[in-house]
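Structure, as structure tokens:
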Amino acid sequence: MKWSNAPATTISMYRMYFASLLLLPIAYRYRKELLTLRKAEWGRLIFAGILLGCHFGLWFESLKLTTVASSMIIIALQPIVALVAEFLVFGKRTNLASMVTIGVSLIGICLVGWGDFGHGVATMIGDGLSLLCIIALVTYMMVGQQVMLKVTHWLYSFVVFLVAGITLNCFNLITQQQMTGFAPREWGIFWLLAVVPTLAHVIYNYLLNYIDTTTISMSMLGEPVGATILATLLLG
């Protein structure tokens with residue numbers, strides 16, 4: 001993301017389009033499952049895709065405005081957002097051990113990125129966008145859990161990626177973002193984003209069949225640490 005000079009929403013749009021293209025052959029095998037969905041379930045599926053598009057658009061824009069460490073520190077608040085959301089929507093309670101685990105993890109992650117936190121207005125805007133992108137992602141996972149009971153995670157991933165791409169495409173058209181005329185290097189970055197990180201999202205979608213949103217969010221707490229180390233090595 002940091003290596004690309006393209007607009008954030010254009011990068012995220014192509015990531016989603018290319019990812020759905022890669023999943024198309026597998027999704028085609030399970031296409032008949034879509035016929036079992038009712039209108040309300042189709043609505044949730046489309047809404048989940050729109051939320052995923054918002055998540056990537058907001059997060060990629062935050063990375064344009066702030067450092068990798070700062071953006072990832074805000075992302076680390078995801079388990080808390082998921083915990084509060086599941087309590088408010090489903091009345092789900094958690095135990096003391098989970099709360100302590102989340103607290104210790106958050107303290108450790110904040111210590112890693114504290115030096116990059118809050119330098120200037122642009123950074124603060126980037127931090128704010130990161131927070132909004134977490135809310136979009138947690139809502140996406142909560143909506144997705146309802147639909148995942150009806151269709152395979154391959155088909156679910158294909159549809160939400162495609163809807164996310166279309167959502168970002170519409171935004172780019174309205175705001176007149178650059179979508180063509182990129183150098184080969186940029187297209188290579190788009191494809192790398194479609195292949196490598198998207199694999200994680202397919203795995204997370206699969207896990208929605210078996211694990212609640214808060215638990216999945218807690219597994220993502222390692223992301224800021226790894227991202228900060230990579231940023232140090234690759235971006236200086």
Side-chain angles (χ1 to χ4, degrees), residues 9 11-60 75 78-79 81-92 94 132-172 190-220 223:
T9 50
I11 302 170
S12 16
M13 177 191 76
Y14 282 120
R15 172 180 174 173
M16 292 291 91
Y17 274 155
F18 291 166
S20 59
L21 187 62
L22 292 170
L23 289 175
L24 180 59
I26 306 174
Y28 185 75
R29 290 179 53 192
Y30 300 99
R31 65 191 183 281
K32 291 183 180 179
E33 292 183 6
L34 293 175
L35 300 176
T36 66
L37 296 179
R38 295 172 296 180
K39 285 184 179 180
E41 291 164 338
W42 267 108
R44 293 193 193 101
L45 190 60
I46 294 170
F47 185 43
I50 293 171
L51 288 167
L52 187 62
C54 292
H55 161 70
F56 278 119
L58 290 165
W59 186 19
F60 283 16
I75 295 292
Q78 186 175 321
V81 176
L83 204 65
V84 172
E86 287 194 325
F87 174 75
L88 293 175
V89 178
F90 302 120
K92 182 181 173 71
T94 190
L132 289 175
C133 92
I134 297 170
I135 296 171
L137 183 62
V138 169
T139 310
Y140 154 77
M141 289 195 290
M142 291 176 64
V143 171
Q145 275 189 311
Q146 308 300 313
V147 185
M148 281 295 297
L149 299 174
K150 289 295 188 73
V151 297
T152 178
H153 71 286
W154 294 108
L155 190 61
Y156 174 81
S157 297
F158 167 75
V159 175
V160 294
F161 289 170
L162 183 60
V163 173
I166 293 171
T167 301
L168 291 160
N169 203 155
C170 292
F171 177 84
N172 290 334
F190 299 161
W191 274 108
L192 279 172
L193 280 168
V195 174
V196 184
T198 300
L199 179 63
H201 273 269
V202 174
I203 294 171
Y204 286 137
N205 289 342
Y206 172 73
L207 291 175
L208 285 171
N209 285 300
Y210 310 103
I211 303 173
D212 60 60
T213 303
T214 302
T215 305
I216 295 175
S217 295
M218 285 179 68
S219 75
M220 296 178 181
E223 203 171 21

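Throughout, numbering of the chain's residues begins at 1 and tracks the sequence.
Among residue pairs with one or both ends in residues 50-59, those qualifying as side-chain hydrogen bond (donor to acceptor under 3.5 Å, both in side chains) are Trp59-Ser71; sequence neighbours excluded. Applying the salt bridge (charged side-chain N to carboxylate O under 4.0 Å, His left out) rule to pairs touching residues 49-60 yields nothing, sequence neighbours excluded. For residues 12-41, the salt bridge (charged side-chain N to carboxylate O under 4.0 Å, His left out) pairs, not counting sequence neighbours, are Arg38-Glu41, Glu41-Lys150.
Nearest heavy-atom pair, Phe161 versus Ala19, reported as atom, atom and distance to 0.1 Å: CD1-CB, 3.8 Å. Annotation for Ile166 and Tyr17: closest pair CA-OH, 3.5 Å, computed over non-hydrogen atoms. Minimum heavy-atom separation, Ser12 to Gly57: OG-CA, 3.9 Å. The shortest heavy-atom contact between Cys54 and Ala136 is CB-CB, 4.4 Å.
Ser157 meets the side-chain hydrogen bond (donor to acceptor under 3.5 Å, both in side chains) test with Asn205; sequence neighbours excluded. For the side chain to side chain contact (heavy atoms under 4.5 Å, CB included) test, residues two or more places apart in sequence or in another chain that qualify with Thr167 are Ile50, Val163. Phe18 is linked by a side chain to side chain contact (heavy atoms under 4.5 Å, CB included) to Tyr14, Trp187, Phe190, Trp191, Ala194, counting only residues two or more places apart in sequence or in another chain. Under the side chain to side chain contact (heavy atoms under 4.5 Å, CB included) criterion, Phe171 pairs with Thr9, Thr175, not counting sequence neighbours. Here Glu223 pairs with nothing under the salt bridge (charged side-chain N to carboxylate O under 4.0 Å, His left out) rule; sequence neighbours left out. Listed by chain and number, the residues in a ring pair (Phe, Tyr, Trp, His ring centres under 6.0 Å) with Phe56 are Phe60, His201 (sequence neighbours excluded). Residues passing the side chain to side chain contact (heavy atoms under 4.5 Å, CB included) test with Ile26 are Tyr30, Trp154, sequence neighbours excluded.
Rounding to the nearest 0.5 Å places CE of Met141 at 10.5 Å from CG of Leu207. Distance check, rounded to the nearest 0.5 Å: CZ of Phe158 to CG of Leu23 gives 8.0 Å. Taken from CG in Leu137 to CG in Leu58, the straight-line distance is 11.0 Å, to the nearest 0.5 Å.
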*Given the rule in the side chain to side chain contact (heavy atoms under 4.5 Å, CB included) test, do Tyr156 and Thr152 qualify, once you have shown the distances and angles that lead to the verdict?*
CA-CA 6 Å; Tyr156 174 81; Thr152 178; over 6 Å; no
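Asn169 contributes no side-chain N or O that, together with a main-chain N or O of Gly165, makes up a donor-acceptor pair within less than 3.5 Å.
A side chain to side chain contact (heavy atoms under 4.5 Å, CB included) with Leu155 is found for exactly one of Leu45, Leu34, Val160, namely Leu34.
With a 4.5 Å cut-off on side-chain heavy atoms, Leu52 and Met16 count as touching.
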